[in-house]
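First the structure, in the form of structure tokens, and then the observations on it.
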Amino acid sequence: MRMPDGQAAGQRVADRPVRLDDYRAVVPASTLDLLRRLADRVRGRSLVHINSTRVGGGVAELLQRYVPLLEELGVTTRWDVVRGTEEFFRVTKSFHNALQGQSQSFTDAMLRTYLETNQENARRLNLDADVVLIHDPQPAALIASANPKADGTRRGRWVWRCHIDASRPQRRAWTFLQQFVTQYDAAIFSLPKFAQRLPIPQYLIYPSIDPLSEKNRDLTPEEISATLQRLGVPQDKPILLQVSRFDHFKDPLGVITAYRLLKKHDDCRLVLAGGSAEDDPEGAQVLAEVLTARNDDPDIHVLVLPPTAHREINALQRAATVIIQKSTREGFGLTVAEGMWKGKPVIGGFAGGITVQIIWGVTGYTVNSAEGCAFRIRRLLHNPDEAAQMGRNAREYVREQFLITRDLAEHLALMVTLLR
Ligand code: UDP
């Protein structure tokens, strides 16, 4: 489970914070110009983002970068997180799983915990802004306790952004959540197929990565080898890498099966890198299953990294020969864009946002089984020129589609629409 609270690290270039102009060297020039033109339309307006964690997971990664960039664009931006007990986060994890289609049972006490925690947070948080952007199910019920004005309207426009695959949610969970979602002025989903039958406008915005963050900035070959050495991963044979929370939906056991099939023919290493699972009973269990499946194979490296290990993940992705994201269910799967940005072909499960990031046979392959995964990795290992070309295609595709500047431009366009 992602820990609530913590410190967000600002990105720096040559000892000063990253500024918008630094992106000129990396992103299409037209995107930056559009961003500034849209910002002119909402300059001086305020925006508050609320999610449930400062570190860990794709949403926190994005928010860390949205805030300073929006500020530089003249939008007064705050970011706060809901606080809750362990029980609250157990309940919201059940919501997360149920919305992604897993069968979960919800008792009245669980729903009460969820509502009361949201009520407490609504009292504590400053939700006064022109636009209030609420991320994911954990804080979704804040809207029910956010004081309307005397005439019943709210000052700000409220938007619910759903980052998970809620296309086939468990009915009870969705029915419960829907009573809050319908109170919003708009909802944002990450893929068209995640959209729901709702009486409010729905928008599609792909998430993104920040090319200048510590996770994605260029690294020198020396930085890469020093980091891998520190992590105990020799660079003596091809490296296959999956970076993921230890979660069944990310299918780490399927990755190990694929590696074993491949290993009968081709020598390679497998690195499974994920976050610490101490506070997440489910994560700890999946990690234990992974360690059992590893079965003392010295070529399988299971790395449990702290949530601040951005440079380590960057170096691993750059050292990898093939990047895997074999999820069976996925929200967007930002690790795919991260791998593609490093010029690597990516093999991903046919799930969620992975299907829009991987163009089959052009930037990588989507697969539906461990056998398919092993087959595609083998093909890439034996055709290095094809793999390199795919990596180049992948990087260009991310440049066009999945960088933070495009994402921010779409958010600003939505603000313009909502505040018109
Ligand atoms: N990540 C990380 N450390 C880990 C596992 C993941 O920093 O141990 C990062 C990863 O690089 C990516 C994000 O967390 O930026 C995961 O986003 P994604 O959309 O792939 O999956 P989510 O965890 O949000 O389901």
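Every number for a ligand or one of its atoms is a count from 1 in the order of the listing. All values below come from the heavy atoms of this structure, side chains included, with hydrogens, waters and symmetry mates left out.
Between Ile50 and Leu142 there is a side-chain heavy-atom pair separated by less than 4.5 Å. Taking the side chain as every heavy atom from C-beta outward, Asp218 and Arg318 approach each other to under 4.5 Å. Using a 4.5 Å cut-off on side-chain heavy atoms (C-beta onward), Glu289 and Phe246 make no contact.
Separation of the Phe332 and Phe402 ring centroids falls under the 6.0 Å cut-off.
The Glu338 neighbourhood of ligand 1 comprises atoms 10 (C), 11 (O), 12 (C), 15 (O), with distances under 4.0 Å to a heavy atom of that residue. Near Gly333, meaning under 4.0 Å from one of its heavy atoms, ligand 1 places the atoms 19 (O), 20 (O).
Note on ligand 1: Leu305 sits outside its first shell, no heavy atom being nearer than 4.0 Å. At least one heavy atom of Lys250 sits closer than 4.0 Å to an atom of ligand 1. At least one heavy atom of Gly274 sits closer than 4.0 Å to an atom of ligand 1.
For Asn97 and Glu282, the side-chain atoms include at least one donor-acceptor pair closer than 3.5 Å. A donor atom on one side chain and an acceptor atom on the other are not found under 3.5 Å apart for Glu87 and Thr85.
In terms of polar-atom proximity, defined here as any N/O pair under 3.5 Å, Lys215 does make such a contact with ligand 1. Ligand 1 has an N or O atom lying under 3.5 Å from an N or O atom of Gly275, backbone or side chain. Annotation: Arg245 places an N or O atom under 3.5 Å from an N or O atom of ligand 1; distance criterion only. Residue Gly58 has at least one nitrogen or oxygen atom sitting less than 3.5 Å from a nitrogen or oxygen atom of ligand 1, judged on distance alone.
The one candidate from Tyr66, Trp160, Trp79 that meets the ring pair (Phe, Tyr, Trp, His ring centres under 6.0 Å) condition with His49 is Tyr66.
Between the choices Val243, Asp247, Leu334, the shortest heavy-atom distance to atom 6 (C) of ligand 1 belongs to Val243.
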